[in-house]
Amino acid sequence: HIQHPQGRREINELHVPLGRAIRLVMASEDVIHDFYLPDFRIKQDVIPGRYTSEWFVPTRLGEYHLFCAEYCGTNHSRMRGRIVVLEPARYEAWLAGAVADEPPASAGERLFTELRCITCHGTQAPTLAGLFGRRVRLQDGTVVVADESYLRESILDPQAKLVAGYPPLMPTFRGQVSEEQVMQLIAYIKSLSAAAGSEAER
């Protein structure tokens, strides 16, 4: 299952524009898989419990094989698909051609409200505006970068890396949200950083 930042979803296919850098952020809910594009000479493990990422730039138009290159269970041989590389204008038309699902950031914002995250973040817990990509000081004195992996861990195991100056009040959402919902929450937090940057430029 693949979802574009604009909301469009695909199953066993990935449409991409020619000549543009593509970054995939991947996660597995069950076992180790491997996202393998032999024509692009790239292969990346997709591991339960953490995010992995992979970059590529498509340089030729056409359709290319996509495989899982890690034995992942009984139906491993069925885990195959295709990458479709389109001219940028055709890609934009394809992207706009179907009714898009809710974009991940919008779904994350809705989930953020439904889970009542809004009641603490910014008051009893750190604000999330401008957080993504920033360095965060922890209670033990170490500093981490607030990337996708840090945010995922903070949602599922909030006591693992406590932010300096805040008590350990946040409950775990492990078992309460799916991997897709975690990705939606992270997309929303990332959008808050973009919004904070736009405000700072004014």
Side-chain angles (χ1 to χ4, degrees), residues 1-18 20-58 62-86 88 90-115 132 147-157 173-191:
H1 299 270
I2 296 169
Q3 186 168 20
H4 295 255
Q6 300 83 353
R8 181 100 185 245
R9 294 173 190 248
E10 301 187 71
I11 297 176
N12 299 332
E13 285 189 342
L14 173 59
H15 287 72
V16 295
L18 180 72
R20 191 178 304 167
I22 305 298
R23 180 176 183 237
L24 304 172
V25 178
M26 303 176 288
S28 170
E29 289 193 354
D30 47 16
V31 297
I32 297 175
H33 296 283
D34 192 290
F35 194 90
Y36 178 40
L37 300 173
D39 288 309
F40 290 57
R41 308 294 192 267
I42 59 172
K43 188 164 78 108
Q44 177 63 54
D45 284 344
V46 184
I47 302 167
R50 62 185 262 203
Y51 289 124
T52 55
S53 64
E54 179 169 58
W55 289 88
F56 66 95
V57 177
E63 296 184 10
Y64 302 94
H65 294 292
L66 164 63
F67 298 106
C68 176
E70 182 74 35
Y71 180 71
C72 56
T74 306
N75 292 318
H76 169 66
S77 62
R78 293 183 177 176
M79 294 203 68
R80 58 189 184 274
R82 67 185 184 134
I83 302 290
V84 181
V85 181
L86 302 170
R90 285 196 61 208
Y91 170 75
E92 294 301 329
W94 171 85
L95 199 59
V99 176
D101 292 314
E102 185 177 25
S106 299
E109 181 178 13
R110 183 177 39 74
L111 192 57
F112 190 81
T113 302
E114 288 174 6
L115 295 172
F132 184 78
D147 59 7
E148 288 97 346
S149 295
Y150 168 78
L151 294 174
R152 181 184 186 282
E153 181 181 45
S154 296
I155 292 166
L156 300 178
D157 187 10
F173 287 93
R174 187 179 302 280
Q176 299 178 54
V177 292
S178 68
E179 197 64 51
E180 182 176 13
Q181 289 173 316
V182 172
M183 292 179 91
Q184 291 168 346
L185 287 166
I186 291 170
Y188 172 59
I189 294 167
K190 289 167 85 169
S191 76

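- Note that NE2 of His65 is 11.5 Å distant from CG of Leu37, once rounded to the nearest 0.5 Å.
- Contact check for Leu185 versus Gln181: no side-chain heavy atoms found under the 4.5 Å cut-off.
- Taking 4.0 Å as the cut-off between side-chain N and carboxylate O, Glu114 and Arg110 count as a salt-bridged pair.
- Smallest separation of non-hydrogen atoms from Glu180 and Glu29: N-OE2, 4.1 Å.
- Residues Tyr188 and Ala105 share a closest heavy-atom pair of CB-O, 3.6 Å.
- The line from NE2 of His4 to CG of Leu95 is 6.5 Å long, rounded to the nearest 0.5 Å.
- Remark: Arg8 does not engage Glu13 in a salt bridge, criterion side-chain N to carboxylate O under 4.0 Å.
- Pro58 approaches Ile22 most closely through the heavy-atom pair CD-CG1, 4.0 Å.
- Taken to the nearest 0.5 Å, the OH atom of Tyr36 stands 11.5 Å off from the CG atom of Leu66.
- Looking at Pro48 and Ile32, their side chains come closer than 4.5 Å, going by heavy atoms from C-beta outward.
- Side-chain contact check for Val85 versus Tyr64: some heavy-atom pair is nearer than 4.5 Å.
- With contacts defined as side-chain heavy-atom distances shorter than 4.5 Å, the pair Ile11/His1 qualifies.
- Note that CD of Glu10 is 10.5 Å distant from CD of Gln3, once rounded to the nearest 0.5 Å.
- Under the 4.5 Å side-chain criterion, counting only non-hydrogen atoms from C-beta, Ile186 is in contact with Tyr51.
- Here the CZ atom belonging to Arg50 is positioned 12.0 Å from the CD atom belonging to Glu153, to the nearest 0.5 angstrom.
- Aromatic ring orientation, Phe56 versus Phe40: perpendicular (interplanar angle above 60°, classes split at 30° and 60°).
- Nearest heavy atoms, Ser28 versus Asp30: OG-OD1, 3.1 Å.
- Distance check: Phe35 CZ to Ile83 CD1 gives 4.5 Å after rounding to the nearest 0.5 Å.
- Between the Asp45 side chain and the Ile47 main chain, no donor and acceptor come within less than 3.5 Å of each other.
- Counting heavy atoms of neighbouring residues, nucleotides and ligands inside a 6.0 Å radius, atom CZ of Arg23 exceeds 12 of them.
- Taking all atoms of both residues into account, the shortest heavy-atom contact from Ile42 to Trp55 is CD1-O, 4.3 Å.
- Inter-residue side-chain proximity for Val182 and Leu151 is flagged as unmet; no heavy-atom pair is nearer than 4.5 Å.
- Remark: the backbone N or O of Glu179 is not paired with any side-chain donor or acceptor of Arg152 at under 3.5 angstrom.
- Pairing each heavy atom of Tyr91 with each of His15, the nearest pair is CE1-O, 3.3 Å.
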Thr52 and Glu54: CA distance, side-chain angles, deciding distance, side-chain contact (heavy atoms from CB on, under 4.5 Å) verdict
CA-CA 7 Å; Thr52 55; Glu54 179 169 58; over 6 Å; no

